[in-house]
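Heads up: the structure comes next, in structure tokens.
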Amino acid sequence: MPEANQKPLPFGYQFLAGAIAGVSEILVMYPLDVVKTRAQLNTGSSSGIVHTITTMIKTEGPGSLYRGILPPIMVEAPKRATKFAANEQYTSLYKKLFGFEKVTQSLSVLTGISAGLTEAVIIVPFELVKVRMQDKANLGKYNGTTDTIRKILASEGILALFNGLEATMWRHAVWNGAYFGLIFKVKDMLPKSKDPNQQRLTNFAAGTIGGIVATACNTPFDVVKTRVQSYNGVGPRKYNWTLPGIMTVAKEEGIASLYRGFLPKVLRLGPGGGILLVVFETVSGFIRKNILKE
């Protein structure tokens, strides 16, 4: 997010900065995403993060902590570029459309929701493949990303790759709206500084707080999305639409089950949100100074 007196970067540079930020975040935080998915698919008693990780390493090998990482890596460039670039594009559009003279928190929430919806449409097939590969029930069924896609297409058809689109749109709209809204608020509250190190700390604090609150808001939608995308066409479909799915989980497993996997998720996307913003702003600053010569 550029400062108030800065013009947005050209789209190509936004894409590059978002890609670098996204890949950096996922390489550091991905094992927690695997643990989160396992917890969300588990309808029985929950296991702790450390227990899950150590059990996976012992029974499945260290590589299991990065199982299914190729689809997210493949999508991180367009996904994170879409997150930040679309947010900037919607900011310009809505300022003209609704007559905003400057960026406000309400505008930041609105642009974040819009960017999240756009992001969801792009990533849903990759999310589905990732969930199938991370699911413990599918151990031995899929031999890599290409094999997973081939088997899904063969047994379920091409439209299966878009299972969970509606839930993914809920998940990303809620997360991005809260994330960008909180970034604006926290950065506005913290003292301004021209010191690059202080600015990075501010960005990390804003991104981390935004990530934590956004995760608290969207986890129920994420739980249902994971359940929807884990369905492989065998037997009756229990979860389909998001809001009825949330009601089903709450009724059958208790409201707390809507926050299955919350701890590994928030541990990832809290600091992960900080990493995203710091890397994005650092790369953007480098581009402005050394390439665009601003």
Side-chain angles (χ1 to χ4, degrees), residues 1-22 75-127 162 164-190 192 199 202-203 206-207 209-211 213-218 221-222 225 241-243 269 273 276-281 283-285 287-288 291-292 294:
M1 299 177 69
E3 300 302 325
N5 61 343
Q6 288 181 324
K7 295 188 300 183
L9 289 173
F11 179 81
Y13 290 121
Q14 291 177 350
F15 186 98
L16 177 63
I20 294 172
V75 79
E76 278 310 308
K79 175 181 176 180
R80 301 307 188 186
T82 299
K83 179 189 295 291
F84 288 100
N87 185 68
E88 296 298 337
Q89 298 302 316
Y90 283 121
T91 298
S92 299
L93 173 64
Y94 292 156
K95 284 176 72 174
K96 293 178 182 177
L97 191 62
F98 300 117
F100 286 94
E101 294 184 1
K102 61 180 181 179
V103 177
T104 64
Q105 187 177 25
S106 59
L107 178 59
S108 297
V109 172
L110 180 60
T111 59
I113 290 172
S114 301
L117 292 171
T118 305
E119 182 185 17
V121 174
I122 293 173
I123 70 162
V124 65
F126 299 90
E127 281 286 317
F162 289 87
L165 173 60
E166 181 248 3
T168 304
M169 293 176 75
W170 274 102
R171 184 183 81 157
H172 285 266
V174 171
W175 198 91
N176 282 273
Y179 180 68
F180 284 108
L182 264 294
I183 284 175
F184 175 88
K185 187 65 174 179
V186 174
K187 291 177 75 171
D188 188 56
M189 292 173 60
L190 293 176
K192 307 295 185 292
Q199 190 58 49
T202 297
N203 286 336
I209 293 171
V213 176
T215 301
C217 292
N218 91 328
F221 303 102
D222 192 29
K225 181 202 79 74
W241 300 102
T242 305
L243 297 182
L269 294 178
L276 272 178
L277 189 59
V278 168
V279 176
F280 181 81
E281 295 285 13
V283 174
S284 297
I287 291 171
R288 293 181 190 278
I291 300 178
L292 301 179
E294 292 184 358

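Note that the structure is predicted; figures quoted are calculated from it, not measured. Numbering starts at 1 and runs along the sequence shown.
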Nearest heavy-atom neighbours spanning Ser106 and Thr104:
OG-OG1, 3.1 Å

Compare every heavy atom of Phe221 with every heavy atom of Cys217, then report the nearest pair and how far apart it is.
O-CE1, 3.8 Å

The test is side chain to side chain contact (heavy atoms under 4.5 Å, CB included); show your working for Leu243 and Trp170 and say whether it passes.
CA-CA 10 Å; Leu243 297 182; Trp170 274 102; 4.1 Å; yes

Is a side-chain N or O of Tyr94 found less than 3.5 angstrom from the main chain of Leu110, in a donor-acceptor match?
no

Just verifying a value: how many Å separate Asn218 CG and Leu269 CG, rounded to the nearest 0.5 Å?
7.5 Å

What's the separation between atom CG in Leu117 and atom OG1 in Thr168, rounded to the nearest 0.5 Å?
11.0 Å

Which atom of Ile287 lies closest to which atom of Leu16, heavy atoms considered:
CD1-CD2, 4.3 Å

Grab the two heavy atoms, one from Ala115 and one from Lys83, that are nearest each other, plus how far apart they are.
CB-O, 3.7 Å

Can you give me the closest heavy-atom contact between Gly18 and Phe84, atom names plus distance?
CA-CD1, 4.4 Å

A quick test of your reading: do over 12 heavy atoms of other residues, nucleotides or ligands sit less than 6.0 Å from NZ of Lys185?
no

Pair Glu119, Ile122 - check side chain to side chain contact (heavy atoms under 4.5 Å, CB included), show working.
CA-CA 5 Å; Glu119 182 185 17; Ile122 293 173; 6.0 Å; no

Interatomic spacing from OG1 in Thr118 to CE in Met169 - rounded to 0.5 Å:
8.0 Å

Distance from Ile183 atom CD1 to Ile209 atom CD1, nearest 0.5 Å?
10.5 Å

For the residue pair Ile113 and Trp175, establish whether any side-chain heavy-atom pair is separated by less than 4.5 Å.
no

CG/Leu107 to NZ/Lys102 distance, rounded to the nearest 0.5 angstrom?
12.0 Å

For the pair Asn176 (side chain) and His172 (backbone), establish whether a donor and an acceptor sit closer than 3.5 Å, ignoring hydrogens and angles.
yes

Side chain to side chain contact (heavy atoms under 4.5 Å, CB included), that's the test. Do Asn203 and Lys187 meet it? Break it down for me.
CA-CA 7 Å; Asn203 286 336; Lys187 291 177 75 171; 3.4 Å; yes

If every non-hydrogen atom of Arg171 is compared with every non-hydrogen atom of Lys225, which pair is closest and at what distance?
NH1-CE, 3.3 Å

dist Asp222:CG -> Thr242:OG1 (nearest 0.5 Å) comes out at 11.0 Å

